[in-house]
Amino acid sequence: MTFNTKTLVLAATVMAAPTITNAQSGETTYKQYCVSCHGSGVLNAPKLGDKAKWAPLIAEGQVILTAHGYVGVRGMPAKGGGPNLSVEGFAESLVYMVNNSGGKWTSPNPTTVAAINKEIEARKVGLNKSK
Ligand code: HEC
């Protein structure tokens, strides 16, 4: 088989394709929504790359942390301030932040997404009760 530029470009495109079907990458979503606070630490948001701040959060685990972030907590707005951001999209941007802050997470598989959704519902009920 002969390699020409076209073959290589095609190969690179296939390799760059995300493994799960999302509208955009976690990095893109991070840059669109999260960076405005998590880039500089607005309102004491844990900064991208601040391993000491992220370590205890990462220790909560992907399901819990993703769900609680998605629902919102104190200065952290629900859905990271992206009203149309899906659970999957939010989760991807969090994977990006975590992996740049000392963690090693992967894109949530359907089982993990289902667990996140369950925790989101539980969290909402809990928050309503405490009001
Ligand atoms: C308007 C500012 C703002 C934006 C935008 C924002 N965050 Fe946050 N985020 C915060 C603040 C402030 C905290 C710290 C909340 C606290 O602990 O008081 C936080 C905390 C978090 C936490 C930890 C939650 C916990 O359980 O302690 C996660 C996870 C998170 N953000 C994810 C994201 C993601 C993902 C995005 C983008 C999709 C995003 N944030 C966008 C301000 C923001």
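One is the number of the first residue; the rest follow in order along the sequence. Just the heavy atoms: all of them, side chains too, but no hydrogens, waters or symmetry mates, feed the values below.
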Partners of Lys31 by salt bridge (Lys or Arg N to Asp or Glu O under 4.0 Å), sequence neighbours excluded? Glu27
Counterpart residues, side-chain hydrogen bond (donor to acceptor under 3.5 Å, both in side chains), relative to Thr112 (two or more places apart): Asn109
Could you work out, with salt bridge (Lys or Arg N to Asp or Glu O under 4.0 Å) as the rule, every residue matching Lys51, not counting sequence neighbours? none
Glu121: partners by side-chain hydrogen bond (donor to acceptor under 3.5 Å, both in side chains), with sequence neighbours left out: none
Counterpart residues, side-chain hydrogen bond (donor to acceptor under 3.5 Å, both in side chains), relative to Ser93 (two or more places apart): none
Applying side chain to side chain contact (heavy atoms under 4.5 Å, CB included) to Asn100 and not counting sequence neighbours gives Leu48, Tyr96
Qualifying ring pair (Phe, Tyr, Trp, His ring centres under 6.0 Å) pairs with a residue from residues 99-121, counting only residues at least two apart or across chains: none
When you group the ILVMFWY residues by side-chain heavy-atom contacts below 4.5 Å and let the links chain together, are Val113 and Ile120 in the same group? no
Note: with side-chain heavy atoms under 4.5 Å as the link, the other cluster members for Val42 come out as Leu43
Could you report the tightest heavy-atom contact between Glu92 and Ser107, atom names first, then the distance? OE2-OG, 3.0 Å
Only counting residues at least two apart or in another chain, list the ones meeting ring pair (Phe, Tyr, Trp, His ring centres under 6.0 Å) with Tyr33. none
Which heavy atom of Ser101 sits nearest a heavy atom of Met97, and at what distance? OG-O, 2.6 Å
Could you tabulate the donor-acceptor pairs under 3.5 Å formed by side-chain atoms of residues 57-70, not counting sequence neighbours?
| unit_1 | atom_1 | unit_2 | atom_2 | d |
| --- | --- | --- | --- | --- |
| Gln62 | NE2 | Thr106 | O | 3.1 |
| Thr66 | OG1 | Gln62 | O | 2.5 |
| His68 | ND1 | Arg123 | NH1 | 3.4 |
| His68 | NE2 | Glu119 | OE2 | 2.9 |
| Tyr70 | OH | Leu85 | O | 2.8 |

side-chain hydrogen bond (donor to acceptor under 3.5 Å, both in side chains) partners of Lys53, counting only residues at least two apart: Asn44
